[in-house]
Amino acid sequence: MSKVAKIQGDIKQLIKDGDELVSRFRPKAGELPNQIELLASYQQWYSVANEVVRVLLPARLREFQLLYEEKISSKDGSNLGISEWLGLRRPPRMSEETASILVFQRLMTQLEILRAAEARTESVLFDLEGVVQADLFSSELEAATELQKAGHLRAGGVVAGVVIERHLKQVAAYHNFKSRKKKPTLGDFNDYLKSEAVIQQSMWRFVQHMGDLRNKCAHPDDEPTKQDVTDLIAGAKKIQAEVS
């Protein structure tokens with residue numbers, strides 16, 4: 001399971017927990033929710049949900065927080081925050097039933113904001129993962145360049161080849177790549193991306209050429225040239241920039 005899939009699963013569970021809280025917050029005929037019993041479970045849920053919204057939907061973070069934080073200030077008490085209610089506070093002229101209904105509606109709004117954040121997980125988390133990978137790949141390509149300068153052509157070429165394969169693997173995974181092979185190769189990722197129209201024929205051929213150069217560096221039968229490794233490093237940068 002990828003890290004993105006794991007995070008998506010955790011958020012789905014968080015929403016499920018929110019649905020359970022909603023059922024416990026919902027006022028019933030002749031029975032009002034018990035704030036003391038709800039305090040710990042809600043606080044735990046809010047702490048995690050707040051971070052999810054902060055990362056995935058920052059434009060609605062303050063709204064999410066105000067639903068929890070707002071203090072009683074308006075005459076009618078309509079801005080009663082969930083934290084106030086859990087602390088057994090409400091406007092003097094507001095009935096317990098009205099306060100419970102108001103807070104229930106606020107929790108429902110928070111849950112809908114969280115659902116909206118969930119809808120953005122794939123794009124946002126993939127972008128974040130891509131930034132981390134890009135930094136890692138950049139460092140590895142710098143290492144490949146230093147190896148080339150020091151005359152370690154095979155090592156430099158192999159490192160650049162690994163960057164290309166890892167990048168294509170990441171992009172293929174984003175496009176739902178699945179393989180029966182235990183260890184799919186660069187060629188498998190390249191063919192899949194072409195079949196899904198993620199890359200065009202020209203890029204597919206370019207990746208094939210880079211794969212040939214990588215193999216030349218990895219196998220003792222062929223002796224790579226300095227230009228081969230230069231092309232591999234430049235090719236890795238081109239693929240990283242153009243294939244997504």
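Two residues are said to be in side-chain contact when any heavy atoms from C-beta on lie closer than 4.5 Å; Thr145 and Lys149 meet this criterion. In this structure, Glu196 and Leu193 have side chains that are not in contact, with every pair of non-hydrogen atoms separated by 4.5 Å or more. Leu86 is listed as a side-chain neighbour of Ile82, based on a closest heavy-atom distance under 4.5 Å. Two residues are said to be in side-chain contact when any heavy atoms from C-beta on lie closer than 4.5 Å; Glu146 and His152 fail this criterion. Proximity of Lys194 to Asp191: side-chain heavy atoms (C-beta onward) are nowhere separated by under 4.5 Å.
Annotation: side-chain hydrogen bond (donor to acceptor under 3.5 Å, both in side chains) contacts of Asp212 (sequence neighbours excluded): none. Thr185 pairs by the side-chain hydrogen bond (donor to acceptor under 3.5 Å, both in side chains) definition with Asp188, not counting sequence neighbours. Ile15 meets the side chain to side chain contact (heavy atoms under 4.5 Å, CB included) test with Ile11, Asp19, Leu111, Leu114, Arg115, Glu118; sequence neighbours excluded. Partners of Glu69 by salt bridge (charged side-chain N to carboxylate O under 4.0 Å, His left out), not counting sequence neighbours, listed by chain and number: Arg62. Under the side-chain hydrogen bond (donor to acceptor under 3.5 Å, both in side chains) criterion, Glu96 pairs with no residue at all, not counting sequence neighbours. In this structure, the side chain to side chain contact (heavy atoms under 4.5 Å, CB included) partners of Lys16, at least two apart in sequence or on a different chain, are Gln13, Glu20.
Put simply, the residue from Gln43, Glu84, Arg106 that forms a side chain to side chain donor-acceptor pair (under 3.5 Å) with Tyr68 is Gln43.
Interatomic distance, Met210 CE to Arg205 CZ, rounded to the nearest 0.5 Å: 14.5 Å. Note that CE of Met108 is 12.5 Å distant from CG of Leu21, once rounded to the nearest 0.5 Å. The distance from atom CD of Glu165 to atom CG of Asn190, rounded to the nearest 0.5 Å, is 11.0 Å. For the atom pair CD1 of Ile239 and CD1 of Ile164, the computed distance is 4.0 Å after rounding to the nearest 0.5 Å. Of the inter-residue distances, the one linking Gln148 atom CD with Leu153 atom CG reads 6.5 Å to the nearest 0.5 angstrom.
Between the side chain of His167 and the backbone N or O of Val243 there is at least one donor-acceptor pair closer than 3.5 Å. Of the possible donor and acceptor atoms, one in the side chain of Gln110 sits under 3.5 Å from a partner among the backbone N and O of Phe64. Although no hydrogens or angles enter the test, the distance criterion places a donor-acceptor pair under 3.5 Å between the side chain of Trp45 and the main chain of Leu14. Judged by distance alone, the side chain of Arg214 and the main-chain N or O of Leu186 form no donor-acceptor pair under 3.5 Å.
There is a path of hydrophobic side-chain contacts, each under 4.5 Å, that joins Leu102 to Val22. Val103 is not connected to Ile101 by any chain of hydrophobic side-chain contacts under 4.5 Å among Ile, Leu, Val, Met, Phe, Trp and Tyr, and they are in different clusters. Phe104 and Leu66 are assigned to two separate hydrophobic clusters, defined by single-linkage of ILVMFWY side chains at heavy-atom distances under 4.5 Å.
In terms of heavy atoms, Leu57 sits closest to Ala116 at CD2-CB, 3.8 Å. Heavy-atom minimum distance, Val229 versus Gly157: CG1-N, 3.8 Å. Considering every non-hydrogen atom in both Ala117 and Leu56, the closest pair reads O-CD1, 3.6 Å. Considering all non-hydrogen atoms of both residues, Ala236 and Ala160 come closest at CB-O, 4.1 Å.
The environment of Leu88 atom CG is dense: over 12 non-hydrogen atoms of other residues, nucleotides or ligands sit within 6.0 angstrom.
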Practice task
Start with the C-alpha gap between Gln35 and Leu39, add the side-chain angles, then the distance that decides, and say whether side chain to side chain contact (heavy atoms under 4.5 Å, CB included) holds.
Solution key: CA-CA 6 Å; Gln35 293 104 304; Leu39 179 60; over 6 Å; no
Problem - Thr109 vs Glu63, side chain to side chain contact (heavy atoms under 4.5 Å, CB included): CA-CA, chis, key distance, verdict - result: CA-CA 9 Å; Thr109 302; Glu63 177 188 356; 4.0 Å; yes
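Applying the salt bridge (Lys or Arg N to Asp or Glu O under 4.0 Å) definition to pairs two or more places apart or across chains, those involving residues 227-243 are Lys216-Asp228, Lys238-Glu242. Judged as a ring-ring contact (aromatic ring centres under 6.0 Å, His included), the pairs with a partner in residues 191-244 (not counting sequence neighbours) are, in order, Phe177-Tyr192. Sorted by first and then second residue, the salt bridge (Lys or Arg N to Asp or Glu O under 4.0 Å) pairs involving residues 26-54 (not counting sequence neighbours) are Glu51-Arg54. The stretch residues 10-30 participates, sequence neighbours left out, in these ring-ring contact (aromatic ring centres under 6.0 Å, His included) pairs: Phe25-Tyr42, Phe25-Trp85.
Other members of the cluster containing Leu32 do not exist, because no ILVMFWY side chain is joined to it at under 4.5 Å. Applying the 4.5 Å side-chain rule to ILVMFWY residues, one finds Leu147 in the same cluster as Val159.
Under the 3.5 Å distance criterion, with hydrogens and angles disregarded, a donor-acceptor pair is assigned to the side chains of Ser41 and Arg24. One side chain, Asn50 or Gln65, offers a donor N or O that lies under 3.5 Å from an acceptor on the other.
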